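We name chains A, B, ... by the order of the sequence lines, and we start the count at 1 in each one. Predicted, not measured: the structure shown is a model, and the values here were computed from it.
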There are 2 protein chains.
Amino acid sequence: MRAGSLQALLWERAREPHAGRWSLPGGRLGTSEDVEASVRRQLGEKVDVRGVPHVEQLAVFSAPERVPGERVVATAFLGLVPYDVDPAIPADTAWHPVDALPPTAFDHEAIVHRARNRLRAKLSYTNIGFALAPPEFTVSALRSLYSAALGYRVSATNLQRVLSRRGLLEPTGHTAPPGPSGGRPAALFRFPGKGLEVTDPFAVLRPPGGNRPAGSTGSS
Amino acid sequence: MRAGSLQALLWERAREPHAGRWSLPGGRLGTSEDVEASVRRQLGEKVDVRGVPHVEQLAVFSAPERVPGERVVATAFLGLVPYDVDPAIPADTAWHPVDALPPTAFDHEAIVHRARNRLRAKLSYTNIGFALAPPEFTVSALRSLYSAALGYRVSATNLQRVLSRRGLLEPTGHTAPPGPSGGRPAALFRFPGKGLEVTDPFAVLRPPGGNRPAGSTGSS
DNA sequence: TCAAAAGTGTTAGATATACACCCATGC
DNA sequence: GCATGGGTGTATATCTAACACTTTTGA
């Protein structure tokens with residue numbers, strides 16, 4: 001997520017198969033780590049990205065011919081980095097807009113699009129924005145973020161109201177200086193939580209009584 | 001799903017490790033099949049359940065010590081069978097209520113609970129009920145199904161209205177005969193679609209315009 | 001004083017639950 | 001006729017998008 005569009009970090013393959021095409025960073029699972037630990041390790045070792053605020057499983061891709069040669073089963077992950085973080089990445093890697101990917105290797109385009117859909121869905125009913133936003137931000141910066149990720153124009157007015165109602169916007173008391181052409185200085189906010197929370201679990205078909213007890217999320 | 005409660009098909013382990021405990025049906029992935037094909041094959045071969053209307057990936061379980069001995073990575077699935085189907089299952093397998101499981105092997109209890117949570121969520125925003133209901137059903141039968149799966153009392157009145165609005169209830173024109181104590185005969189309905197569809201994708205934070213084009217689901 | 005950006009008040013629409021009331025059948 | 005289960009009509013509550021309007025700054 002940078003420069004006003006949702007972007008994915010891809011790595012240009014030097015060797016066959018699919019030399020010259022772009023692929024997602026990844027690697028083999030070690031014998032003493034689980035898949036999430038493995039993803040975080042690969043991100044650190046291969047593209048030097050650390051401290052990713054949120055990582056979650058997407059799906060297993062296992063079609064027998066998805067990769068030439070011996071069958072490879074991949075567990076795909078969605079990992080999110082705040083838009084103000086710009087890690088030093090190797091020369092053969094680059095960020096690419098998710099809506100205009102270069103030629104990709106294997107089934108990695110499908111994986112990226114699946115990740116995008118997951119992100120879009122969770123922006124609506126969770127606090128997942130915390131993983132894409134800097135520690136402090138203005139509502140209009142958040143509006144740009146949501147617009148870029150969702151693919152349609154989001155109103156800052158209503159975004160603030162919806163997120164405030166859910167307790168996802170905490171004023172820090174600070175303000176950001178206005179731009180060169182003036183304007184009222186924007187208040188700065190933060191996300192109160194640091195982990196993923198489901199904020200609107202009963203979007204429809206809610207249980208009777210309408211009472212929504214305070215802390216009732218949990219995902220087993 | 002049978003006898004008024006959500007149930008899972010488990011298999012009693014005869015051998016160590018975890019002999020006597022109950023485990024989910026499963027097995028190794030073949031070299032020429034993907035994970036979904038493998039799941040359907042295992043269900044057919046091991047517990048003689050075929051034609052499962054809906055199967056979906058849950059998550060990968062990969063903790064190094066989840067199974068004694070050599071590390072085993074499992075891709076867990078949620079599979080649903082209509083409540084009127086009662087396949088002939090082997091002697092060492094049985095249906096168990098998801099809310100009162102017997103001692104389970106490995107991390108299978110966590111997997112079952114995760115599956116239950118996934119089902120509960122999707123009952124609210126998809127047509128996943130089609131996989132649990134018979135071809136034709138009354139609204140009150142559907143009410144029992146939803147109540148058992150969700151764990152709270154669902155009103156038949158409102159269930160009918162909500163599902164009708166979404167186009168998920170199609171009258172067949174037939175009626176079911178009343179019970180021995182009388183009562184108005186119930187109309188029979190069917191689910192129009194046979195595959196999973198997201199019916200309420202924009203529960204919150206919907207895009208501007210409010211126009212929800214007819215066929216806009218898709219999950220990549 | 002004016003333009004620009006931020007933020008608030010208010011309205012209207014959609015969707016859901018709750019509950020009262022009517023319908024059709026068996027005894 | 002009356003009990004029983006099925007189905008509809010009608011509030012009411014909640015949440016959201018839309019939009020007008022006010023606030024605060026720089027030139």
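- Atom CG in B/L142 sits about 13 Å away from atom P in D/dG6, given to the nearest Å.
- The separation between A/L150 atom CG and D/dA17 atom P is 11 Å, rounded to whole Å.
- Using a 30° and 60° split on the angle between ring planes, A/F137 and A/F191 fall in the tilted class, from 30° to 60°.
- Within the nucleic acid shown, B/A187 comes within 4.0 Å of sugar-phosphate atoms alone, with no base atom in reach, counting heavy atoms only.
- Applying the salt bridge (Lys or Arg N to Asp or Glu O under 4.0 Å) test to every pair with at least one member in residues 42-54 of chain B, sequence neighbours left out, gives these pairs: B/R41-B/E45.
- In this view, A/F61 satisfies the ring-ring contact (aromatic ring centres under 6.0 Å, His included) rule with no residue, not counting sequence neighbours.
- For the pair A/L159 CG and D/dC15 P, the interatomic distance rounds to 17 Å; values are reported in whole Å.
- Side chain of A/N158, nearest nucleotide from D/dG7, D/dA17, C/dT17: D/dA17.
- A sub-4.0 Å separation between OP1 or OP2 of C/dA6 and a side-chain N or O of A/S140 is present.
- The interatomic distance linking B/R165 (CZ) with C/dA16 (P) rounds to 6 Å, in whole Å.
- Rounded to an integer number of Å, the gap from A/L188 CG to C/dA6 P is 11 Å.
- B/H54 pairs by the ring-ring contact (aromatic ring centres under 6.0 Å, His included) definition with nothing, not counting sequence neighbours.
- Within the structure, salt bridge (Lys or Arg N to Asp or Glu O under 4.0 Å) contacts touching residues 129-150 of chain B (residues at least two apart or in different chains) do not occur.
- In terms of position on DNA chain D, the residue among A/T157 and B/T157 whose nearest nucleotide sits closer to the 5' end is B/T157.
- Between A/L163 atom CG and D/dC15 atom C1' there is a gap of 14 Å when expressed in whole angstrom units.
- Annotation: of the two residues near DNA chain D, B/T138 and A/R161, the 5′-most nearest-nucleotide partner is B/T138.
- Between A/Q160 and C/dA6 there is no side-chain polar atom (N or O) within less than 4.0 angstrom of OP1 or OP2.
- A salt bridge links A/R116 and A/D99; the closest N-O separation between the charged side-chain nitrogens and carboxylate oxygens is under 4.0 Å.
- Between B/R166 and the phosphate of C/dA16, there is a side-chain N or O to OP1/OP2 separation shorter than 4.0 Å.
- Applying the salt bridge (Lys or Arg N to Asp or Glu O under 4.0 Å) test to residues at least two apart or on different chains, the pairs with a partner in residues 167-191 of chain A are A/E170-A/R190.
- In this structure, the OH atom of A/Y146 is 12 Å from the P atom of D/dA17, given to the nearest Å.
- Put simply, CG on B/L123 is 17 Å from C1' on C/dA16, counting in whole angstrom units.
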Are there any protein N/O atoms within less than 3.5 Å of an N/O atom in nucleotides 25-27 of chain C, and if so, which ones and at what distance?
{"unit_1": "C/dT25", "atom_1": "O2", "unit_2": "B/G183", "atom_2": "N", "d": "3.1"}

